[in-house]
Amino acid sequence: MELTNFLGGLWVPPYFTAQAPNNALITADNIEYGHTGAVQGRRGRTLYGTLPAKAISLWRHYPRTGSPATLAAVDNGASVELRHDTASNGTFATVTGGAGLATGKRLFFTNWGSKDRSFFANGVGLYSYNGVITNVVQTGPQITGPYVVVHQSRLFGTKADEINYSVYATDVNDELTVNAANQLNVSDPQGGSITGLASLPDRLLILKNTSLWVMLGDIKFSAILTKLTETGCVAPLSIAQAPYGVFFVGRSGVYLTDGQRPEPIDLSGPIRSLFTPPTTNVSYPNAVGIYYARKDMYKVKLDPAHGYTYCLQRIQVPGARGVVWAWSRNTNEPLVSGNVWDSEGDTGDPYVSDSGGNVYRADSGATDAGVAYASVVQPVSLRLSDELSVGHVHYVHLLYRGSGAATVGLRYNNAAADDLTLSLGQAQAIGLQRTRKMVTDKSKSGQFVSPVITLPGDGPGAELYSLKLDARVRSRRVWR
């Protein structure tokens with residue numbers, strides 16, 4: 001038995017379905033996938049800045065001239081205060097006009113490049129930022145959000161008192177004028193509330209918790225408004241835009257829509273049991289997600305109380321196989337809010353916040369702000385013989401890269417813990433290690449075995465290429 005391709009990705013038990021691939025993983029902690037099928041350890045995170053309370057929203061402002069700034073909305077329980085780090089990266093100070101915003105209200109941002117401003121709303125009011133905060137007072141219906149987006153040189157937004165059905169648009173290049181006729185009505189029989197807006201190249205996407213809608217054309221000149229599907233988005237903070245579509249968390253899973261196909265792509269088959277456990281159905285309205293372009297990865301924390309951040313990576317596999325989607329999970333990675341620096345002058349790194357007021361640069365370093373983590377891979381249970389005879393592993397072969405020993409635990413017949421654990425490899429400078437070890441303890445056996453591989457703590461310097469198990473099975477009389 002030899003494994004060289006781990007792109008089946010994480011399948012959260014119960015995973016025994018007809019769709020589960022042979023290279024599925026029961027555990028895929030703190031790893032990333034390579035296009036050849038190998039896995040490597042993830043990077044950690046480093047502290048970027050500290051705030052007096054948790055940052056419920058993060059945003060990166062890109063002015064036409066001058067330096068970008070990171071904005072952090074801090075909720076102290078009495079009010080929300082908007083801070084920026086214009087003096088130096090990670091050193092946050094209160095923005096002029098940014099104090100006293102409504103507590104418990106997340107801020108949703110959009111950038112309007114030609115205005116040299118970021119606009120944001122919280123369901124109470126509409127504001128703009130260009131170094132200071134300005135309250136945007138409009139003629140006509142007042143957009144209060146919380147959802148806003150710039151599309152076709154207009155600012156589109158919702159109103160808190162019409163959140164079930166209305167999206168309004170300003171005049172072209174005029175954030176101060178809203179014509180009552182520039183309204184999109186997205187009423188549907190299920191009711192439901194609008195949960196987000198996204199600007200796609202030729203259409204506006206409107207997400208509700210009961211449905212998805214798109215607008216084609218210009219809102220002032222016979223725009224076409226269509227309901228795509230009754231699969232909706234229940235988690236506003238999970239919405240994240242990629243070059244090929246929009247990720248979001250729905251009532252029954254994680255989805256991707258390009259605004260064209262009638263139904264979004266359901267990407268959550270391998271983690272379906274998180275949404276449909278044995279005795280009930282679970283919904284995640286507080287899920288938070290970001291899209292990380294450099295790794296072509298969607299990262300989502302389904303619930304703030306969860307210990308894992310789930311990562312969905314899109315891998316372009318050479319040859320005819322095309323694109324593969326693979327899940328993994330990061331342990332103890334916070335995601336109260338997040339954003340990604342994505343301008344030409346920025347690094348492209350994701351930034352995340354925790355509940356203690358810390359903002360981190362993610363995908364940086366080999367520890368989580370000084371705390372070590374383990375990169376662990378566990379394939380599904382493998383047959384020791386085609387006849388399902390009882391057997392045991394005789395030799396373990398491991399090909400990996402790292403600066404120290406890797407461990408391989410062997411679990412027979414779906415055991416919850418290792419029946420025995422082997423150490424392979426040695427301490428050295430980071431490099432290739434081709435190792436083999438005989439299993440001397442023959443007291444454990446079974447019809448199936450699931451190996452648990454723990455890589456050295458080298459972050460992305462640790463890579464797993466192949467695992468081979470030589471088995472001996474028992475006939476009626478002897479081992480062979």
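For the numbers below, each heavy atom of this structure counts, side chains included, while hydrogens, waters and symmetry mates do not. Small disclaimer: the values here were computed from a predicted structure and weren't measured.
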Assess the side chains of [X] and [Y]: does a donor N or O sit below 3.5 Å from an acceptor N or O?
| X | Y | result |
| --- | --- | --- |
| Ser375 | Asn30 | no |
| Ser364 | Arg45 | no |
| Thr170 | Glu175 | no |
| Tyr360 | Asp368 | no |
| Tyr373 | Asn332 | no |
| Trp59 | Ser57 | no |

Can a salt bridge be assigned to the pair [X] and [Y] using a cut-off of 4.0 Å between side-chain N and carboxylate O?
| X | Y | result |
| --- | --- | --- |
| Asp171 | Lys220 | no |
| Arg294 | Asp349 | yes |
| Lys295 | Glu32 | yes |
| Lys208 | Asp188 | yes |
| Asp419 | Arg411 | no |
| Arg154 | Asp218 | yes |

With Arg106 as the cation and Phe120 as the aromatic partner, state whether NZ or CZ is under 6.0 Å from the six-membered ring centre and within 45° of the axis.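 So Arg106 doesn't make the cation-pi contact.
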
Residue pair Ser337 / Lys54, side-chain heavy-atom distance below 4.5 Å: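 No, too far: nothing below the 4.5 Å cut-off.
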
For residues 221-245, which residue pairs qualify under salt bridge (Lys or Arg N to Asp or Glu O under 4.0 Å), counting only residues two or more places apart or in two chains? Lys227-Glu230

Take the angle between the ring planes of Tyr291 and Tyr244 and call it parallel below 30°, perpendicular above 60°, tilted in between.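 If you compare the ring of Tyr291 with that of Tyr244, the planes turn out perpendicular.
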
For a quick test of your reading: what N or O donor-acceptor pairs under 3.5 Å do the side chains of residues 282-290 make, sequence neighbours left out?
unit_1 : atom_1 : unit_2 : atom_2 : d
Tyr284 : OH     : Leu274 : O      : 2.5

Can you sort out the partners of Pro146 under side-chain contact (heavy atoms from CB on, under 4.5 Å), two or more places apart, ordered by chain and number? Phe108, Thr158, Ile163

Taking salt bridge (charged side-chain N to carboxylate O under 4.0 Å, His left out) as the test, write out the residues that go with Arg251, two or more places apart.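 Partners of Arg251 by the salt bridge (charged side-chain N to carboxylate O under 4.0 Å, His left out) criterion come out as none, since no residue qualifies.
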
Only counting residues at least two apart or in another chain, list the ones meeting salt bridge (charged side-chain N to carboxylate O under 4.0 Å, His left out) with Arg203. none

Only counting residues at least two apart or in another chain, list the ones meeting ring-ring contact (aromatic ring centres under 6.0 Å, His included) with Tyr129.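 For Tyr129 the ring-ring contact (aromatic ring centres under 6.0 Å, His included) partners, ignoring immediate neighbours, are His61, His84.
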
Rounded to the nearest 0.5 Å, what's the gap from CG on Leu335 to CG on Asp354? Could you check? 11.0 Å

